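Here is the structure we will look at, set down as structure tokens.
Naming convention: chains lettered A, B, ... in sequence-line order (proteins, then strands); numbering from 1 in each chain. Hydrogens, waters and symmetry mates play no part in the numbers below; they use all other heavy atoms, side chains included. Here the structure is a predicted model, which is why all the values come from computation and not from measurement.
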Amino acid sequence: MTLDKYFKLYEKEDPHYQEVEVDINIEAISKARSNDERDNQRVTIDETDVTSIADKNIDNNNVLMLISAGYDANEMKPYLIFYDPNRDNVVKLLDDTGHKPYAYSKLSPNQLRSNDVITRYSNKIIDIVEEVKHDPITDSEVKVSKIIVTDPLVIGGKKDSLREKIDLWEADIKYYVNYLFDQGLQIGDYYVIKDGKPIKVNLNPPQEVEKFAEKLSSEEREWLYRLSQPVINLKRVALDIEVYNPRGVMPQPEDPRHPIFIISLRGSDGLKKVLFLDLRREYKEDIIEVDGYEVEIFRNEVNLIQRAIEIVKNYPILLTFNGDTFDLPYIIARAKFLKVPNIEDSFHKGRNEVSITWGIHIDLYKFFKNASIKNYAFSGAYDIVSLDTIAKALIGKGKVETPEHFDDMNTIDIIKYALTDADITYELTAFNNDLVMRLIVIIARISNMTIDDVTRLAVSNWIRNRLIYLHRRRNYLIPRPEDIHKKTGTRHFQPVTKGKKYVGALVIDPKPGIHFNVVVVDFASLYPSIMKEYNISYETVNCPHEQCKTNLVPNTSTWICRLKKGIISEFVGIIRDIRVNVFKKLSKDKSIEQSKREFYNVIQGALKVFINAIYGVTGSETFQFYYLPSAEAVTIYGRYIIEQAIKKAEKLNLKIIYGDTDSLFIKNPEQKLLEKLMEDIYNTYRLKLEVDKIYKYVVLSSRKKNYFGVTKEGSLDIKGLQGKKSNTPPYIKTIFYDILKKLKNIENKDDFNVVRKEIIDIIKNAEKKLINREVPLDELVISVTISKPLEQYTKTTPQHVKAAKLLVKQGRKIYPGSVIKIVKTRNSLGVKPVELVKSVSEVDAEKYIDLLHSTLEQILEAMNIEVERGRVVVVDSKKSLDKFFKL
DNA sequence: GCGGACTGCTTACCT
DNA sequence: ACAGGTAAGCAGTCCGCG
């Protein structure tokens, strides 16, 4: 019997399907519960920190961390959200200073008062006052009128808001952000609340941090202290729901007809609970245990939902994976469908997110999908963003493998499947001493952005937010994008790549062959260093001062300010210095205990994310402070400096065999000459050239960004080669790595002869297996990502799109980000999704042999081994051997 | 009608 | 919803070809 039938039965029998009456006061229960639990929770701030609070003579010792802010539309006031480590809950503090929404106009107050648009809003305009701000673009003082209003919607957010009708400045900053910044508040800092006002608590920094303080500028010291503040443990619970869906139906919040039959919960306090709706009527017990989880059995879905809400309200942080788009919207929709009362008292559904009333909701899917988090924080450890792949990559465990449908599973397996999801969702925030939670808080500190926004917005927004704060501090009028675009200045070079806006980095033509003893030198964070050293920022590039116009970027007519420090240049400079000079050192200092070292490592890693992204965002049209000449100035300086380094190296008779952007590969250099080069470069350009690594040997072809090498330490470095790419079939990948493994061990000519024979055997054997169709289908799949909605492939239809369309015909949903596994087949399309291939006889073996050859060619070419149809040839073997062992 | 030369599109990589 | 530079495979087009 299938669940399907039970479901119908349930639908008829369950009285709550008709009319729901609930006599539980969820609020009261959750309050009672949190009172009970209070005493069990301890302060997690170090003893020393508490002492420093006493030093400040603050009577209330209740130290809170500021984690969020918002606007209460009913009260018409902004509020702050603090985390209370004593009670493990959040405290909402409504503003009592009378702060109001505002924006700036360049019209005078009188002009504004007679303006039609303004008069229409007169009942909502509190005041118009003149202020003097500094305009960074003209480097002069400007008079502006601050229009103070009753409601943020008067400024923006509606069709007839002021910013749609008249020229306004600073009108696209969210009101609670304005509020935070105007009060000088910073997310992630500690406060006590006295007389309804937040008062900053300065914690005593740990000894190892204090050591650095005296050498730093005051701004750097502020960063040092703020970032090194401890991050308290945040009490949290992961939630995951399972919806019973009939076969072939994907549950969607828009269609909440299907029951939520499991809600699994995993808390940072050890909570392991599954709420299970016994659709199959299998259990007489109220509670059973599965895998250490307490499973509460429900016969009624409303009770189950209410119980879940009751439990999660004990946790100020709610974790989900896709909770913004699925779990929470479904709970809301289903609760409304079942007429569960007062669901709005718990959840607010926004356009792109769901917030909770008792704390903060973090959707980990959004956070891990963030390109900066993926690539910089976790160095691309996962490429597909799913709970399974991320968990496997980061915590070494994935989801439970399941059949396609719950009906094909027994109940215990369904429960195990469900609890695993909540379990790994929580674990993703807990591994390595809560690394992810700490990372989120540190990013919030660097960007001064609320925890909610940090986890949902991308790096350009993080950077924008901090820069807005810095503008406020300097009393700068924040320019609108169009103000920056109106500045003079043009592009100087045609970009190398079609469709790009400006020229980028220089890549040196590689010298093909096998090169022994290769030293790779590179400029440490070249672009950020250029921005710092050459004062590059939107307002300093092509600045308004006559006397700066001679300070030219090489080979251009772009000039750079000599008089004022650029705001972006200063920001990147400070965080670069504090990372390199302090937090990187702390993270490597063996005299510091490991957990602290890990914390410093998180800080330096978070700083790196910002440092690496800042140049990029200045060249991105969607960034508020986008200015093409400033982005171009960075890359042109980069090209200039690497070119000067090459010239200097050549003068010293150093042999450069390759280089990319900020690196030079130098063949068998004399130590003295190398040192001379690095010294000269630093003295001339104030940029550090350092030894990055040394290769025992490196194998280059004529292709740029494609090589492999064995380092002095014996590890194999593979860059860009086809065999490394994710879309190479596993079978070919294996052979590629088998051959590289053989090459790695070569020490002399005799080894080579043996290895050469082995390589030839490997290739011939692989071809034979392909022709005889002995390779299983799984080994032949080519995984390709769908990058946009299928209907947007209008110009061409690539093979993976053709295959995806076949899957759609089968009822499969394909989204951007879906990975299609295709197999080259001998049908008219030349390709099929692996799911639709019935047997290996359909495989186009010839295509795979071609693919094998082209993949291997990249590594064998340099050794003069040629692979052709059905044979492997060593071309001019004697010469190739000589070449191989020349040095 | 068919294939080679070519361009453009797409993906995945490097820095 | 951070940049440009590069390789590779394929789609699509044009042109020549008694």
Report task. Ignoring backbone atoms, establish whether A/K500 has a side-chain N or O less than 4.0 Å from OP1 or OP2 of C/dG4. Result -> yes

Query raised in the report: A/K795 NZ to B/dT10 P: how many Å, rounded?
Result: 6 Å

Report summary line: Atom NZ of A/K724 and atom C1' of B/dT11 are separated, to the nearest Å, by 16 Å

**Report entry** Distance-only donor-acceptor check, side chains A/R480 and A/H485, under 3.5 Å
**Finding:** no

Report summary line: From the candidates B/dT15, B/dC13, C/dA3, the one with an atom nearest any side-chain atom of A/T661 is B/dT15

Query raised in the report: Side-chain donor-acceptor pair under 3.5 Å between A/T540 and A/S537, yes or no?
Result: no

**Report entry** Rounded distance in Å - CG (A/N612) to C1' (C/dG4)
**Finding:** 15 Å

Report task. Write down the distance between NZ (A/K374) and P (C/dC2), rounded to a whole number of angstrom. Result -> 12 Å

Query - Short side-chain N/O contact to C/dG9 OP1/OP2 from A/S854, under 4.0 Å - result: yes

Query raised in the report: Touch check for A/Y527, heavy atoms < 4.0 angstrom, all strands: base, sugar-phosphate only, or nothing?
Result: nothing

Report task. Tell me what A/S787 touches on the nucleic acid: a base, only sugar-phosphate, or nothing, going by heavy atoms under 4.0 Å. Result -> sugar-phosphate

Query raised in the report: Taking atom P of B/dT15 as reference, at what distance in whole Å does atom CD1 of A/I530 sit?
Result: 17 Å

Report summary line: A/K501 NZ to C/dC2 C1', in whole Å, measures 10 Å

Query raised in the report: Using a cut-off of less than 4.0 Å, is there contact between a side-chain N or O of A/H800 and OP1 or OP2 of B/dT11?
Result: yes

Query raised in the report: Do A/M531 and A/R576 touch side chain to side chain, with heavy atoms closer than 4.5 Å?
Result: no

Query - B/dT15 phosphate, OP1 or OP2, under 4.0 Å from A/Y376 side-chain N/O - result: no

Query raised in the report: Any side-chain donor-acceptor pair under 3.5 Å between A/Y538 and A/D483?
Result: no

Report task. Using a 4.0 Å heavy-atom cut-off across all strands, classify A/A613 as base, sugar-phosphate, or nothing. Result -> base

Query raised in the report: What is the distance from CG of A/L721 to P of C/dA8, rounded to the nearest Å?
Result: 10 Å

Query raised in the report: In terms of side-chain heavy atoms of A/R703, which of C/dA11, C/dG5, C/dA8 is nearest?
Result: C/dA8

Query raised in the report: Which nucleotide sits closest to the side chain of A/Q722: B/dC14, C/dA11, C/dA8?
Result: C/dA8

Query - Cation over ring face, A/K374 and A/F368, 6.0 Å, 45° - result: no

Requested in this report: Give a yes/no answer on whether the side chain of A/K704 brings an N or O atom under 4.0 Å of OP1 or OP2 in C/dG4.
Outcome: no

Query raised in the report: Pick the nucleotide of DNA chain B nearest each of A/T796 and A/T785; which residue has the one closer to the 5' end?
Result: A/T796

Query raised in the report: C/dA8 phosphate, OP1 or OP2: any side-chain N/O from A/Q858 under 4.0 angstrom?
Result: yes

Requested in this report: For A/G616, report the nucleic acid contact type (base, sugar-phosphate, nothing); a contact means any heavy atom under 4.0 Å.
Outcome: base

Query raised in the report: Atom NZ of A/K802 and atom P of B/dC9: how far apart are they, to the nearest Å?
Result: 17 Å

Query raised in the report: Does the side chain of A/Y707 get closer than 4.0 angstrom to OP1 or OP2 of B/dT15 through an N or O atom?
Result: yes

Query raised in the report: If only side-chain N and O atoms of A/R639 are considered, is one of them under 4.0 Å from the OP1 or OP2 phosphate oxygen of C/dG4?
Result: no

Requested in this report: May I ask you to evaluate whether A/K498 reaches the phosphate of C/dG4, defined as a side-chain N or O under 4.0 Å from OP1 or OP2?
Outcome: no

Query - Sugar-phosphate, base or nothing in reach of A/V801, heavy atoms under 4.0 Å - result: nothing

Query raised in the report: What is the nucleic acid contact for A/F623, judged by heavy atoms within less than 4.0 Å: base, sugar-phosphate only, or nothing?
Result: nothing

Query - Short side-chain N/O contact to B/dT15 OP1/OP2 from A/K719, under 4.0 Å - result: yes

Query raised in the report: Checking all strands, does A/K725 fall into the base, sugar-phosphate, or nothing category for heavy-atom contacts under 4.0 angstrom?
Result: base

Query - Test item: side-chain donor near acceptor, A/Y627 and A/N542, under 3.5 Å - result: yes

Requested in this report: Counting heavy atoms from C-beta on, name the nucleotide in C/dC2, B/dT10, C/dG5 closest to the side chain of A/A458.
Outcome: C/dC2

Query raised in the report: Of A/A505 and A/T622, whose nearest nucleotide on DNA chain C comes first from the 5' end?
Result: A/T622

Requested in this report: Ignoring backbone atoms, test whether A/S460 places a side-chain nitrogen or oxygen under 4.0 Å from the OP1 or OP2 oxygen of C/dA1.
Outcome: no

**Report entry** Whether A/F625 and A/H471 hold their rings parallel, tilted or perpendicular, with breakpoints at 30° and 60°
**Finding:** parallel

Requested in this report: Answer with base, sugar-phosphate or nothing: what part of the nucleic acid does A/T797 contact at a heavy-atom distance below 4.0 Å?
Outcome: sugar-phosphate

